[in-house]
Amino acid sequence: MMPKTLSLLTSSFSPFLLPYQFQTPRLCNSKIICRASQNQIPLLPSESQGTGAAAPTRGDIFLQRQQQQLLALDIIENNNKKKKRKEKTSGSLKAATSTYSCYGCGAPLQISETDAPGYVDPETYHLKKKHRQLRTILCGRCRLLSHGHMVTAVGGNGGYAGGKQFVTAEELREKLRHLRHEKALIVKLVDIVDFSGSFLAHVRDLAGANPIILVVTKVDLLPKGTDFNCVGDWVVEATMKKKLNVLSVHLTSSKSLVGIAGVVSDIQKEKKGRDVYILGAANVGKSAFINALLKMLSHKDPVAAMARKYKPIQSAVPGTTVGPIQINAFLGGGKVYDTPGVHLHHRQAAVIHSQDLPALAPRSRLRGQSFTKQLVLDQWVSEKMEFNGLTGFSIFWGGLVRIDVLKALPESCLTFYGPKALKLHIVPSNKADEFYKKEVGVLLSPPSGEQVADWAGLETVRQIRTRFNDTQRPACDVAISGLGWITVEPVSQTLKEASSNLVEEEAMEIALDVHVPKPVEIFVRPPLPVGKLGGEWYQYRDLTEKEEETRPKWYF
């Protein structure tokens with residue numbers, strides 16, 4: 001018979017005879033529950049499976065419990081590390097801006113490659129890093145751009161390299177594709193001078209289902225006397241055909257701040273806690289728009305006033321911004337992101353050298369230059385040839401565009417709207433080839449300088465045939481991507497009153513051949529109503545009640 005004392009001792013330790021059945025209490029200061037029955041944390045096997053004197057002591061059980069807790073904490077810590085690593089490599093624009101970047105162009109700061117974006121002198125970099133001022137650094141390339149140097153950043157578009165090809169257009173597009181997976185407000189910019197070429201045909205692939213505020217820039221360049229009611233309606237009609245989620249349309253000028261207040265008001269109304277992303281083609285004026293936006297916000301918002309000190313760099317070089325730039329612009333939270341310009345291979349800027357890029361940018365208000373029958377007579381009166389208006393003549397727009405007039409009315413008119421730096425020349429079509437070979441790089445520039453030797457010429461030819469019934473308004477616009485547009489008028493403006501005697505009742509046709517460099521695209525569109533006469537011939541479309549509700553409003 002077992003002694004009474006031993007019996008009591010054995011019964012008191014009976015719960016510890018089977019260590020895997022031991023139920024540990026909940027931890028008050030932790031979310032970890034160390035219960036074997038819940039299978040949350042694996043129990044460590046006990047070294048002793050004996051009974052009686054060989055059973056685990058209270059100290060053994062305490063140590064076992066501590067090991068279980070440490071194991072649980074290790075598991076949680078490893079899971080957190082994996083989560084952080086996943087967020088770091090997610091590829092979103094926010095993750096891209098978590099590292100220190102140049103505030104002028106968004107390129108990650110680096111001290112190894114002197115001819116690449118983001119390069120900073122090592123001594124300067126380490127000094128700024130020591131004082132935690134890396135956010136205030138401007139890279140070497142941005143310093144050159146701010147002093148007027150033309151340092152290109154994007155290549156690979158089939159054109160001529162104007163420097164080191166830092167980033168390809170495909171890489172920039174890939175960076176922006178993450179926008180469609182984020183909840184954001186998109187502010188999309190379009191250049192009114194190059195509306196068709198800068199609109200971004202595949203913008204839905206970048207913006208996704210996010211709402212869009214469409215901002216039309218550089219309206220101060222339109223000819224004097226332009227009726228902006230007509231222009232606003234024309235832009236909305238063109239936008240409706242794209243079938244995008246456009247909330248509103250704003251006609252603006254970053255230089256004179258016209259229309260910027262309306263954009264600020266619309267952004268604050270529609271932001272709703274989301275970040276704002278500025279999206280657009282390269283050289284459409286994103287950085288200038290952001291500077292104007294911050295200037296307008298800074299009147300009432302001290303956060304925007306501080307952000308103006310380190311604002312993005314502006315230049316005429318496509319690809320000035322090579323990475324996303326995060327800007328704190330709102331007092332109540334939310335950020336503005338200046339995104340890299342989407343590079344379009346079909347624009348003229350993709351085929352010319354960087355030294356010729358300033359020639360493509362209009363510096364002052366556009367003034368249409370018209371070619372009529374009278375101009376041809378004045379210039380070629382000494383030639384023994386029969387004249388039938390512009391028919392049989394070719395017009396050169398610098399060395400980048402050639403238009404052959406195959407068929408037109410005797411009183412037809414072609415009016416060119418574009419940068420003044422590109423000169424216009426007219427010659428008989430039978431002498432056009434010879435004239436181009438002789439004068440390309442001289443009278444016909446761009447191209448210029450060393451680029452002429454490698455210039456491939458005007459390899460793309462598009463045949464344009466348009467019919468018209470109304471001589472009181474232009475037939476169409478022929479828009480050259482990245483340059484400007486040509487308005488095709490059946491009858492010159494000065495002869496419209498007598499046009500009834502000039503045109504037969506049946507529909508007439510105008511036939512043109514347009515020559516451009518190989519990648520450049522040509523758009524035929526409804527005529528843009530510019531100048532004093534634009535408001536007279538422009539016709540507003542009658543809208544249904546449903547169209548009135550769904551159609552985006554425009555503001556100026």
Side-chain angles (χ1 to χ4, degrees), residues 196-197 346-348 351-352 368-419 422-447 452 455-468 474-492 503 507-525 527:
S196 303
H346 59 72
R347 302 181 77 192
Q348 290 281 6
V351 302
I352 66 172
Q369 185 170 345
S370 298
F371 284 83
T372 61
K373 177 181 179 180
Q374 188 60 45
L375 186 144
V376 174
L377 287 172
D378 293 342
Q379 188 168 342
W380 294 90
V381 67
S382 61
E383 296 289 327
K384 296 180 179 180
M385 56 185 298
E386 295 183 2
F387 294 97
N388 186 22
L390 298 178
T391 303
F393 280 84
S394 296
I395 304 173
F396 288 94
W397 202 357
L400 302 177
V401 182
R402 167 184 165 182
I403 297 180
D404 297 335
V405 183
L406 305 181
K407 181 180 179 182
L409 294 175
E411 306 301 334
S412 293
C413 175
L414 299 182
T415 304
F416 291 71
Y417 294 94
L422 270 69
K423 303 302 181 182
L424 291 158
H425 300 273
I426 185 168
V427 297
S429 296
N430 56 8
K431 298 181 179 180
D433 291 336
E434 180 183 353
F435 179 77
Y436 188 78
K437 290 179 181 179
K438 179 182 177 182
E439 299 296 345
V440 64
V442 186
L443 286 178
L444 305 177
S445 66
V452 177
W455 182 250
L458 309 178
E459 299 177 311
T460 299
V461 182
R462 177 170 178 182
Q463 298 178 344
I464 296 175
R465 307 291 183 267
T466 180
R467 302 182 70 85
F468 62 91
C476 65
D477 281 349
V478 178
I480 311 297
S481 183
L483 185 60
W485 75 95
I486 304 108
T487 299
V488 181
E489 300 175 78
V491 177
S492 176
V503 185
M508 300 298 294
E509 183 183 62
I510 293 178
L512 307 172
D513 279 356
V514 183
H515 305 247
V516 292
K518 191 172 185 179
V520 176
E521 195 164 343
I522 301 166
F523 302 92
V524 179
R525 68 188 190 191

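What you see is a predicted model; the values in this text were computed from it and never measured.
Relative ring orientation between Trp397 and Phe416 is described as perpendicular, the plane-to-plane angle rising above 60° on a 0-90° scale split at 30° and 60°.
When each of Val405, Leu390, Asp404 is tested with Leu512 by the rule side chain to side chain contact (heavy atoms under 4.5 Å, CB included), just one qualifies, namely Val405.
Looking at Thr391 and Leu406, their side chains never come closer than 4.5 Å, going by heavy atoms from C-beta outward. Val516 has its side chain out of reach of Glu521: every pair of non-hydrogen atoms, C-beta onward, lies at least 4.5 Å apart. You'll find the side chain of Leu400 reaches within 4.5 Å of the side chain of Leu422, heavy atoms only. Put simply, the side chain of Val440 reaches to within 4.5 Å of the side chain of Pro447, judged on heavy atoms. At least one side-chain heavy atom of Phe523 sits under 4.5 Å from a side-chain heavy atom of Ser481. Put simply, the side chain of Trp485 reaches to within 4.5 Å of the side chain of Arg525, judged on heavy atoms. You'll find the side chain of Phe396 stays beyond 4.5 Å of the side chain of Leu443, heavy atoms only. In this structure, Val427 and Phe393 have side chains that are not in contact, with every pair of non-hydrogen atoms separated by 4.5 Å or more.
Residues passing the side-chain contact (heavy atoms from CB on, under 4.5 Å) test with Gln374, sequence neighbours excluded: Thr372, Leu377, Asp378. In this view, Ser445 and Ser448 satisfy the side-chain contact (heavy atoms from CB on, under 4.5 Å) rule, not counting sequence neighbours.
Classification of Asp433 and Arg402 as a salt-bridged pair holds, one side-chain N sitting under 4.0 Å from a carboxylate O.
A donor-acceptor pair shorter than 3.5 Å cannot be found between the side chains of Thr415 and Thr487.
Ser370 contributes no side-chain N or O that, together with a main-chain N or O of Leu414, makes up a donor-acceptor pair within less than 3.5 Å.
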Where do Arg465 and Asp513 land on the salt bridge (Lys or Arg N to Asp or Glu O under 4.0 Å) test, with the steps shown first?
-> CA-CA 9 Å; Arg465 307 291 183 267; Asp513 279 356; 3.7 Å; yes

